[in-house]
Amino acid sequence: MKVYILGGLRTPIVVANTKFKNIRPEVFGAEVLKALREKFSLNRVDEIICGNAVGTGGNISRLMTLLAGFDDSTAALTVDRQCASGAAAISLAFAKISCGLAEIIIAGGAESSSLQPLRIYNRNDERFFLTAEEVQGGYRTAQFSPNEIDPLAMLKGAQRVAEAENISKDELDAWALISHQRAANAKNLLKNFIVEIAGVSEDTGIKNLSQKILARAPLPLGKNSVISAANACRINDGAAFVVLASENFVRQNNFSPAAQILDVATGGVNPLESPRGAQAVADKLLAKNNLSYENLGAIEFNEAFAVIDVLFERAHPNLVKKFNSLGGALAYGHPYGASGAILLIHLLACLKENNLGLISIAGAGGTGDAILIRS
């Protein structure tokens, strides 16, 4: 059964510990759900699936669904694939609709890094004695690999990839500059996709960067590293959701969908080099559909680190204009569980009619999700 995207909306993407620092993710996520229900005059949905990586636990999607005023009978599910959680939520919704288990699902993600809790391992867990973030056994960053327990695991993974591929800091900084410039130019294009929250209607991370600023950016892994505060994404708060519907639902309700989801893919790479996941799973999805990157009208990778951009540029130097054409997470930021849905919304915004487009996102622990659409 064919699966269509009616459209999507998101909050502004806000730098952590600033304008959304006291707003729970289920609260600003519920505002997006309400806006979608109104935009598409939805009397019902079968389920709401929400990606979330660093929340307080439990089924945040259920809280969000009820806060948004959906009927008690509306099912809700929370998905955790870390950075790829939002894309995984959309892929799951696609699978359920395509096999006839549902007709209409809202899927995406919500994240508040501002309110990320400090957790504590049980004393019977050997990791209690290996971690001490503020208190004995305390941690904020989960374990992503059997061989590593480190709050800087993601930064170190990006550094490993840069070293393995002989990527220079200049190459990384060049992409940071491009990302911010493109994002600044895309503000007008994206404004109709943004739901105002608490008086905030614009993304807050986009900066007027210069080479001088890039050169001064702190190096969190030390002076011999190439990963800086400018060529790695910030931590952020935000939510984004899309409405997925079956062909029958679209026809019966006279919708004009924004796009059709053609296929999805998941995959895995070395957990100690997780940024490679975006390229790997995108390659897998295209091969599965006998397509190449040249067949695509637009390509969106989550640029949690500029190493992801450099890897793509080296593999496909003639396609960089189609790649993250509205800027990426280096500029907007990366509210983990929401980023997959943000990518899909940006793809819808820039993809021309009757064109193929793809999003791909790497997840902590060496996972990846990719989604292929036709506008």
Quiz question: by atom type and distance under 3.5 Å, do the side chains of Gln279 and Asp283 form a donor-acceptor pair?
yes
Side chain to side chain donor-acceptor pair (under 3.5 Å) between Ser360 and Glu300, intermediate numbers included
CA-CA 6 Å; Ser360 190; Glu300 289 281 330; over 6 Å; no
Between Ala364 and Gln82 the two heavy atoms that sit nearest each other are CB-CB, 3.9 Å
Are Arg44 and Asp46 ion-paired here, with the side-chain N under 4.0 Å from a carboxylate O?
yes
Kindly check if the number of other-residue, nucleotide or ligand heavy atoms within 6.0 Å of CZ (Arg37) is above 12?
yes
Do you see a donor-acceptor pair shorter than 3.5 Å between the side chains of Asn59 and Thr78?
yes
Does the pair Ile167 and Leu311 meet the rule for a side-chain contact (heavy atoms from CB on, under 4.5 Å), with working shown?
CA-CA 9 Å; Ile167 296 172; Leu311 291 176; 4.2 Å; yes
Measuring from atom NZ of Lys284 to atom CG of Asp263, what distance do you get when rounded to the nearest 0.5 angstrom?
10.5 Å
Step by step, would you call Glu202 with Ile194 a side-chain contact (heavy atoms from CB on, under 4.5 Å)?
CA-CA 8 Å; Glu202 292 188 350; Ile194 296 176; over 6 Å; no
Which pair of non-hydrogen atoms, one from Ala239 and one from Ala338, has the smallest distance, and what is that distance?
CA-CB, 3.9 Å
Exercise: identify the closest heavy-atom pair between Ala110 and Pro25
CB-O, 3.9 Å
Spell out, yes or no, whether Ile308 and Val320 are grouped together once hydrophobic residues are joined by side-chain heavy atoms under 4.5 Å, including indirect joins.
yes
What's the separation between atom CD1 in Ile13 and atom OG1 in Thr204, rounded to the nearest 0.5 Å?
9.0 Å
I'd like to know whether Ile261 forms a side-chain contact (heavy atoms from CB on, under 4.5 Å) with Ile371, so could you lay out the CA-CA distance, the side-chain angles of the two residues, the decisive distance to 0.1 Å, and finally the verdict.
CA-CA 7 Å; Ile261 296 184; Ile371 300 172; 4.0 Å; yes
Electrostatic pair Lys156-Glu148, nearest N-O below 4.0 angstrom:
no
Is there a donor-acceptor pair closer than 3.5 Å between any side-chain N or O of Ser325 and the backbone N or O of Lys321?
no
Side chains of residues 339-359: which donor-acceptor pairs under 3.5 Å do they make with residues two or more places apart or in other chains?
unit_1, atom_1, unit_2, atom_2, d
Ser339, OG, His334, ND1, 2.5
His346, NE2, Arg10, NE, 3.3
His346, NE2, Arg10, NH2, 3.3

Side chain to side chain donor-acceptor pair (under 3.5 Å), paired with Glu165, selected from Arg314, Arg276, Arg160:
Arg276
Taking it one step at a time, do Ile97 and Ile105 satisfy side-chain contact (heavy atoms from CB on, under 4.5 Å)?
CA-CA 8 Å; Ile97 294 172; Ile105 297 176; 4.0 Å; yes
Strictly distance-based, threshold 3.5 Å: is any side-chain N or O of Ser61 a donor or acceptor partner for the main-chain N or O of Ile48?
yes
Not counting sequence neighbours, list each pair that qualifies as a salt bridge (charged side-chain N to carboxylate O under 4.0 Å, His left out) and has a residue in residues 224-247.
Glu247-Arg251
Report yes if some heavy atom in the side chain of Val32 is under 4.5 Å from a heavy atom in the side chain of Ile106; otherwise report no.
no
Using modelled atom types only, decide if a donor and an acceptor are shared between the side chain of Glu303 and the backbone of Gly328 within a distance under 3.5 Å.
yes
Should we say atom CD of Glu126 is surrounded by more than 12 heavy atoms from elsewhere, each under 6.0 Å from it?
no
Sub-4.5 Å side-chain heavy-atom contact between Ile197 and Phe20
yes
Side-chain heavy-atom pair His180, Asn208 within 4.5 angstrom cut-off
no
What verdict does the side chain to side chain donor-acceptor pair (under 3.5 Å) test give for Glu111 and Asn236, after you've listed the backbone C-alpha separation in whole Å, the side-chain angles of each residue and the deciding distance to 0.1 Å?
CA-CA 8 Å; Glu111 202 76 72; Asn236 297 81; over 6 Å; no
Please name the pair of heavy atoms, one in Ala306 and one in Leu330, separated by the smallest distance, quoted to 0.1 Å.
CB-CD1, 3.8 Å
Give a yes or no answer on whether the side chain of Ser98 reaches the backbone of Met1 with a donor-acceptor pair at less than 3.5 Å.
no
Pairwise side-chain contact, Ile149 with Thr141, heavy-atom cut-off 4.5 Å (strictly under):
no
Approximate separation, where rounding is to 0.5 Å, of Leu209 CG and Asp173 CG
9.0 Å
Ignoring hydrogens and angles, tell me if any N or O in the side chain of Asn166 forms a donor-acceptor pair with the backbone of Ala162 under 3.5 Å.
no
Has the side chain of Asp203 got a donor or acceptor atom that lies under 3.5 Å from a matching backbone atom of Tyr332?
no
Please answer: with hydrophobic residues joined when any side-chain heavy atoms are less than 4.5 Å apart, are Val3 and Val250 in the same cluster?
no
Do the ring planes of Phe249 and Phe255 sit parallel (below 30°), tilted (30 to 60°) or perpendicular (above 60°)?
parallel
Does the Lys NZ or Arg CZ of Arg127 fall within the cation-pi geometry relative to Tyr139 - under 6.0 Å from the ring centre and within 45° of the axis?
no
Taking NZ in Lys19 as the centre, count heavy atoms belonging to other residues, nucleotides or ligands within less than 6.0 Å. Is the count above 12?
no
Ignoring hydrogens and geometry, is there a side-chain-to-backbone donor-acceptor pair from Lys207 to Ala331 under 3.5 Å?
no
Would a hydrophobic clustering, with Ile, Leu, Val, Met, Phe, Trp and Tyr connected at side-chain separations under 4.5 Å, put Tyr336 with Leu155?
no
Parallel, tilted or perpendicular for Tyr293 and Phe312, by the 30°/60° rule?
perpendicular
Straight-line distance of Asp125 CG to Gln143 CD, nearest 0.5 Å
8.5 Å
Give a yes or no on this: more than 12 heavy atoms of other residues, nucleotides or ligands lie within 6.0 Å of atom NZ of Lys21.
no
Inter-residue atom distance Asn147.CG - Ser145.OG, 0.5 Å rounding
4.5 Å
Is there a continuous path of hydrophobic side-chain contacts, each under 4.5 Å between heavy atoms, that joins Leu221 to Ile235?
no
Are Leu77 and Leu92 side-chain neighbours, meaning at least one heavy-atom pair lies under 4.5 Å?
yes
Please determine whether residues Val45 and Tyr4 belong to a single hydrophobic cluster, defined as Ile, Leu, Val, Met, Phe, Trp and Tyr linked transitively by side-chain heavy-atom distances below 4.5 Å.
yes
Please examine the side chains of Ile23 and Leu115, heavy atoms only from C-beta on, and report whether any two atoms are closer than 4.5 Å.
no
Does Asn289 reach the main-chain N or O of Leu285 with its side chain, forming a donor-acceptor pair under 3.5 Å?
yes
For Asn43, does the CG atom have more than 12 heavy-atom neighbours from other residues, nucleotides or ligands under 6.0 Å away?
no
Heavy atoms, side chains only, cut-off 4.5 Å: are Trp175 and Phe323 in contact?
yes
Please confirm whether the backbone N or O of Gly327 pairs with a side-chain atom of Asn324, one donor and one acceptor, at under 3.5 Å?
no
Which heavy-atom pair separates Ser274 from Gly366 by the least distance, and what is that distance?
CB-N, 3.6 Å
Are the side chain of Arg140 and the backbone N or O of Gln116 linked by a donor-acceptor pair below 3.5 Å?
yes
Are the side chains of Lys187 and Ile206 in touch, meaning some heavy atoms are under 4.5 Å apart?
yes
Determine whether the side chains of Asp71 and Thr74 contain a donor N or O and an acceptor N or O closer than 3.5 Å.
no
Of all heavy-atom pairs between Ala217 and Ala229, which one has the smallest distance, and what is that distance?
CB-N, 4.3 Å
